[in-house]
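I'd like to ask you about the structure that follows.
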Amino acid sequence: MCSEGLRERYVNPYTDFAFKLLFGTDLNKEILIGFLNALFDGKQVIEDVTYLNTEHLGSKETDRRAVFDVYCENEKGEKILIEMQRGEQQFFKDRSIYYATYPIREQAIKGEIWDYELKAVYVIGILNFALDDVSSSSFRHEVKLMDTTTHEVFFDKLTFVYLEMPKFHKTEQELDTLFDKWMFVLKNLARLMERPTALQERVFNRLFEAAEIAQFSKENLYAYEESLKVYRDWNNVIDTAIQKGIARGMEEGIAKGMEEGIAKGEWMKAQTIAGNLKNAGLSIAEIAKVTGLSEDEINSL
């Protein structure tokens, strides 16, 4: 793949390289802080973040490894884990809960008396697909541990936020909040050739500067091209699987339809024969034995 083949002005944030460049580097810390503050919408204000190791092993060498897209903590020591999920995953909610165990367990103080007090943990999933088991038309879902009797939050230090990007449909003219603007730019960045007039906040200055492909070094350009190729290949694999599934479903549907049609034809033929035998004076039991119809079906003729 060569750079001449890139027609976009800005990176595709759904690619692994671009997402980590924009949200997972000290150079662009301002972008991450701006996104998180818009997401939390005043419930808390983040002044600074420290990036943490995104690769985690379990307590034993045989434990499964977990690699996060972005992992950081704010100035209060609260842990924030962000996952950009490019393709549909059946058990993504299970995976996000599994990932949450890492920032929880690592807070245990080894070798000292510990009272189990925890700092808050936030798991944020940016999903390039819609969750199958969520019927709500809302694109944002904030999940906490809740008392099912009182419907009140039981524990407020563990929060999951799921953003279903395909459900966000607002145009530039419909962007009401700062978070709307972040959703718009995440969904449309790769298609933009100019900075939208609605996105004039200072944090977007840095975002569009960092996202402009023409400003990349040779090394970053190559890394982005490779990441974009992986993203496109993945999409092609998914599209091909979907098309094959549709084709197979149609074939099976046609075959089933033919089978049902033949069965219905046989049943109608049996009904005609039964009617003739009934008119000829044969008993219901004899007719049922010959035609395979039930006595109730024969009596209804």
Next on the checklist: Do I126 and Y162 make a side-chain contact, defined as non-hydrogen atoms from C-beta onward lying under 4.5 Å apart?
Outcome noted: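 No, their side chains stay 4.5 Å or more apart.
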
Next on the checklist: Which residue in the set R206, R195, K181 passes salt bridge (charged side-chain N to carboxylate O under 4.0 Å, His left out) when paired with E201?
Outcome noted: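 Output: one option passes, namely K181.
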
Item to check | Output field: ring centroids Y71/Y51 closer than 6.0 Å | outcome: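 No, ring centres 6.0 Å or more apart.
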
Item to check | Residue pair K187 / Y14: nearest heavy atoms and the distance that separates them | outcome: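 Heavy atoms of K187 and Y14 come nearest at CA-OH, 3.9 Å.
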
Next on the checklist: Between R202 and E30 (salt bridge meaning N to carboxylate O under 4.0 Å), is one present in this structure?
Outcome noted: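 Yes, this pair counts.
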
Item to check | Transitive ILVMFWY side-chain link V45 to W182, under 4.5 Å | outcome: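 No, it is not one cluster - the side chains of V45 and W182 are not joined through contacts under 4.5 Å.
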
Item to check | For the student: nearest non-hydrogen atoms of I33 and D48, plus distance | outcome: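 Looks like CD1-CA, 3.9 Å.
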
Item to check | Residue among N12, L228, N220 satisfying side chain to side chain contact (heavy atoms under 4.5 Å, CB included) with F17 | outcome: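 When N12, L228, N220 are each tested with F17, the side chain to side chain contact (heavy atoms under 4.5 Å, CB included) holds only for N220.
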
Checklist entry - Regarding T197 and E172, is there a side-chain donor-to-acceptor distance under 3.5 Å anywhere? => result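 There is such a pair (donor and acceptor under 3.5 Å, judged by atom type) between the side chains of T197 and E172.
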
Checklist entry - Atom CZ of R9 and atom CE of M193: how far apart are they, to the nearest 0.5 Å? => result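 These two atoms lie 7.0 Å from each other.
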
Checklist entry - Out of curiosity, I80 CD1 to I46 CD1, how far, rounded to the nearest 0.5 Å? => result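 Here the rounded value is 3.5 Å.
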
Checklist entry - So, do Y122 and F40 have ring centers that fall under 6.0 Å from each other? => result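 Ring centres of F40 and Y122 closer than 6.0 Å.
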
Item to check | Residue among F204, F23, F19 satisfying ring pair (Phe, Tyr, Trp, His ring centres under 6.0 Å) with F35 | outcome: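 Going through F204, F23, F19 one by one, the ring pair (Phe, Tyr, Trp, His ring centres under 6.0 Å) with F35 is satisfied by F23 alone.
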
Checklist entry - With a 4.5 Å heavy-atom cut-off, do F139 and M183 have their side chains touching? => result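 SC-SC contact between F139 and M183 confirmed.
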
Checklist entry - When clusters are formed by joining ILVMFWY residues with side-chain heavy atoms under 4.5 Å apart, either directly or through shared neighbours, do I97 and V121 land in the same one? => result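 Result: yes, single cluster for both.
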
Next on the checklist: How close do K170 and F184 get, counting heavy atoms only, and between which atoms?
Outcome noted: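 It is O-CD1, 3.7 Å.
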
Checklist entry - If you measure from the Lys or Arg side-chain nitrogens to the Asp or Glu carboxylate oxygens, is any gap between K157 and E78 under 4.0 Å? => result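 The answer is no: the pair does not qualify as a salt bridge.
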
Next on the checklist: Does this structure show an ion pair linking E226 with K229, if we count only N-O contacts that are shorter than 4.0 Å?
Outcome noted: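 Salt bridge: no.
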
Item to check | Minimum heavy-atom distance L207-I31, with the two atoms named | outcome: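 Looking at all heavy atoms of both residues, the shortest contact is CA-CD1, 3.6 Å.
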
Checklist entry - Does V153 reach the side chain of L145, with side-chain heavy atoms less than 4.5 Å apart? => result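 With C-beta onward as the side chain, the pair stays apart.
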
Checklist entry - Within a strict 4.5 Å, meaning less than it, do heavy atoms of the R191 and E8 side chains meet? => result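 Contact flag for R191/E8 side chains = no.
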
Item to check | pair L127-M84: side-chain heavy atoms closer than 4.5 Å | outcome: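 L127 does not reach M84 side chain to side chain.
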
Checklist entry - Side chains of E174 and H169: donor-acceptor distance under 3.5 Å anywhere? => result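 Side chains of E174 and H169: no pair found under 3.5 Å.
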
Checklist entry - Within a reach of under 6.0 Å around CZ of F155, are more than 12 heavy atoms found that belong to other residues, nucleotides or ligands? => result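 Correct, the count exceeds 12.
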
Item to check | same_hphob_cluster(V123, Y98) at 4.5 Å side-chain heavy-atom cutoff | outcome: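 Yes, it is one cluster - the side chains of V123 and Y98 are joined through contacts under 4.5 Å.
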
Next on the checklist: Checking E73 against V49 for the side chain to side chain contact (heavy atoms under 4.5 Å, CB included) test, could you report, in this order, the C-alpha distance in whole Å, the side-chain angles of both residues, the deciding distance, and whether it holds?
Outcome noted: CA-CA 5 Å; E73 65 180 14; V49 295; over 6 Å; no

Checklist entry - Between K119 and Q107, what is the shortest heavy-atom contact and its length? => result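 So the two residues come closest at N-OE1, 2.6 Å.
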
Checklist entry - Looking at CZ of R95 and CD of Q90, how far apart are the two atoms once the value is rounded to the nearest 0.5 Å? => result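 It is 13.5 Å, given to the nearest 0.5 Å.
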
Item to check | F68 and Y99 aromatic centres sub-6.0 Å | outcome: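 Ring centres of Y99 and F68 closer than 6.0 Å.
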
Item to check | Side chains of T159 and V143 in contact at under 4.5 Å (non-hydrogen atoms) | outcome: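 In short, these two side chains do not touch, never coming nearer than 4.5 Å.
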
Checklist entry - So which of T25, T54, D69 actually passes side chain to side chain contact (heavy atoms under 4.5 Å, CB included) with K20? => result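 Single side chain to side chain contact (heavy atoms under 4.5 Å, CB included) partner of K20 among T25, T54, D69: D69.
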
Next on the checklist: Quick test of your reading of the model: are E142 and K43 salt-bridged, counting only N-O distances below 4.0 Å?
Outcome noted: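 The answer is yes: the pair qualifies as a salt bridge.
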
Next on the checklist: Just so I know, are the side chains of T177 and D41 near enough to count as touching, which here means a heavy-atom distance under 4.5 Å?
Outcome noted: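 SC-SC contact between T177 and D41 ruled out.
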
Checklist entry - Linking I/L/V/M/F/W/Y whenever their side-chain heavy atoms sit closer than 4.5 Å, directly or via other members, would V230 and I213 fall into one cluster? => result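 As far as the 4.5 Å side-chain criterion goes, I213 and V230 are not connected within one cluster.
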
Checklist entry - So, do W114 and Y116 have ring centers that fall under 6.0 Å from each other? => result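 When the ring centroids of W114 and Y116 are compared, they turn out to be within the sub-6.0 Å range.
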
Next on the checklist: side chain to side chain contact (heavy atoms under 4.5 Å, CB included), that's the test. Do Y224 and T15 meet it? Break it down for me.
Outcome noted: CA-CA 8 Å; Y224 175 60; T15 62; 3.6 Å; yes

Next on the checklist: Nearest 0.5 Å, please: how far is CD in E225 from CZ in F216?
Outcome noted: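 Answer rounded to 0.5 Å: 10.0 Å.
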
Checklist entry - Are V161 and M146 connected, step by step, through hydrophobic side chains (Ile, Leu, Val, Met, Phe, Trp, Tyr) whose heavy atoms are closer than 4.5 Å? => result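 No, separate clusters.
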
Item to check | Any donor-acceptor pair under 3.5 Å from S227 side chain to D16 backbone | outcome: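 Side chain of S227 to backbone of D16, a donor-acceptor pair under 3.5 Å: yes, one is there.
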
Item to check | Stepwise side chain to side chain contact (heavy atoms under 4.5 Å, CB included) test for Y102 and L81 | outcome: CA-CA 10 Å; Y102 285 87; L81 190 161; 5.9 Å; no

Checklist entry - Roughly how far, to the nearest 0.5 Å, is OG of S96 from CD1 of I124? => result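 Separation between the atoms: 11.5 Å.
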
Checklist entry - Is it the case that R140 places NZ or CZ above or below the six-membered ring of F179, under 6.0 angstrom from the centre and within 45 degrees of the axis? => result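 Yes, R140 and F179 form such a contact.
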
Next on the checklist: Under the criterion side chain to side chain contact (heavy atoms under 4.5 Å, CB included), I'd like the reasoning laid out for L131 against E88: C-alpha separation, chi angles, the key distance, then a yes or no.
Outcome noted: CA-CA 8 Å; L131 295 165; E88 184 169 359; over 6 Å; no

